[in-house]
Amino acid sequence: MNYLTLNLIFVGAVFLASLPVFKKLPWRAIGLATAVLLVATAIFDNLIVGSGIVAYDESLISGIKLGYAPIEDFAYSLVAPLLISIAIEITRGLRWKP
């Protein structure tokens, strides 16, 4: 399985999880958090890939890169704020019982 297929599965699952709470999500905050996370990912992924700390099998990536970092590396940064917001919305109002 290549990284693009893995990312499509992950992003698709997060999108499906968002459907029940889609209209309740704080989209402005999600957009801002996503932008910040994508910039941070671009900086640090380029540092770790460019320095050789992390390497990717060229046969498993699409070949599209932002600097040294393959585009597939940004999928998790793209959906993490959405996933966190979904989790918060789904668990809103629940109380922890020790």
Side-chain angles (χ1 to χ4, degrees):
M1 176 183 306
N2 62 28
Y3 295 117
L4 183 60
T5 303
L6 181 63
N7 286 340
L8 289 174
I9 292 168
F10 177 72
V11 171
V14 171
F15 176 74
L16 289 176
S18 76
L19 292 178
V21 294
F22 193 83
K23 291 183 180 181
K24 297 179 184 179
L25 295 175
W27 289 105
R28 182 176 291 170
I30 292 169
L32 179 60
T34 301
V36 169
L37 194 54
L38 286 171
V39 169
T41 300
I43 293 167
F44 292 107
D45 276 10
N46 274 289
L47 288 173
I48 64 172
V49 174
S51 66
I53 295 171
V54 173
Y56 292 92
D57 183 342
E58 293 292 325
S59 69
L60 297 177
I61 62 173
S62 65
I64 302 169
K65 295 181 180 183
L66 293 175
Y68 294 110
I71 196 76
E72 292 90 343
D73 230 12
F74 292 84
Y76 304 106
S77 300
L78 189 64
V79 297
L82 176 59
L83 184 58
I84 291 167
S85 297
I86 293 166
I88 290 169
E89 190 60 41
I90 289 173
T91 60
R92 186 178 302 266
L94 295 179
R95 298 282 184 232
W96 182 69
K97 298 176 185 176

Determine all donor-acceptor pairs shorter than 3.5 Å in which one atom belongs to a side chain in residues 30-41; sequence neighbours excluded.
{"residue": "T34", "atom": "OG1", "partner": "I30", "partner atom": "O", "Å": "2.7"}
{"residue": "T41", "atom": "OG1", "partner": "L37", "partner atom": "O", "Å": "2.7"}
{"residue": "T41", "atom": "OG1", "partner": "S77", "partner atom": "OG", "Å": "2.5"}

Atom pairs and distances, side-chain donor-acceptor, residues 58-65, under 3.5 Å, sequence neighbours left out:
{"residue": "E58", "atom": "OE2", "partner": "K65", "partner atom": "NZ", "Å": "3.3"}
{"residue": "S59", "atom": "OG", "partner": "D57", "partner atom": "OD1", "Å": "2.8"}
{"residue": "S59", "atom": "OG", "partner": "D57", "partner atom": "OD2", "Å": "3.4"}
{"residue": "S62", "atom": "OG", "partner": "I64", "partner atom": "N", "Å": "3.3"}
{"residue": "S62", "atom": "OG", "partner": "E72", "partner atom": "OE2", "Å": "3.0"}

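Taking each heavy atom of N46 and A42 in turn, the nearest pair found is ND2-O, 2.6 Å. Closest non-hydrogen pair, A87 versus T91, comes out as O-OG1, 2.7 Å.
Considering only residues two or more places apart in sequence or on other chains, N2 meets the side-chain hydrogen bond (donor to acceptor under 3.5 Å, both in side chains) condition with T5. Qualifying salt bridge (charged side-chain N to carboxylate O under 4.0 Å, His left out) partners for R92, counting only residues two or more places apart in sequence or in other chains: E89. When the side-chain hydrogen bond (donor to acceptor under 3.5 Å, both in side chains) test is applied to D45, no partner is found at least two apart in sequence or on another chain. For the side-chain hydrogen bond (donor to acceptor under 3.5 Å, both in side chains) test, no residue two or more places apart in sequence or in another chain qualifies with K24. Every residue two or more places apart in sequence or in another chain was checked for a side-chain hydrogen bond (donor to acceptor under 3.5 Å, both in side chains) with S18, and none qualifies.
Here the side chains of L82 and L25 are in contact, with some heavy-atom distance below 4.5 Å.
Contacts classified as ring pair (Phe, Tyr, Trp, His ring centres under 6.0 Å) and involving residues 69-89 (residues at least two apart or in different chains) are given here: F10-Y76. For the ring pair (Phe, Tyr, Trp, His ring centres under 6.0 Å) condition, the pairs that include at least one residue of residues 23-57, sequence neighbours left out, are Y3-Y56, F22-W27.
Note on V21 and V14: same hydrophobic cluster, where clusters join Ile, Leu, Val, Met, Phe, Trp and Tyr whose side-chain heavy atoms are under 4.5 Å apart, directly or indirectly. The cluster map of Ile, Leu, Val, Met, Phe, Trp and Tyr, joined by side-chain heavy atoms under 4.5 Å apart, puts V54 and L4 in different clusters. Follow the hydrophobic side-chain contacts under 4.5 Å out from I48 and you reach Y68 in the same cluster.
F15 belongs to a hydrophobic cluster with L16, L19, counting contacts under 4.5 Å between side-chain heavy atoms of Ile, Leu, Val, Met, Phe, Trp and Tyr, direct or through other members. Through direct or relayed side-chain contacts under 4.5 Å between Ile, Leu, Val, Met, Phe, Trp and Tyr, L94 connects to no other residue.
Checking side-chain atoms of D73 against main-chain N and O of A69 turns up no donor-acceptor pair under 3.5 Å.
Atom CG of residue L66 and atom CD1 of residue I43 lie 12.5 Å apart, to the nearest 0.5 angstrom.
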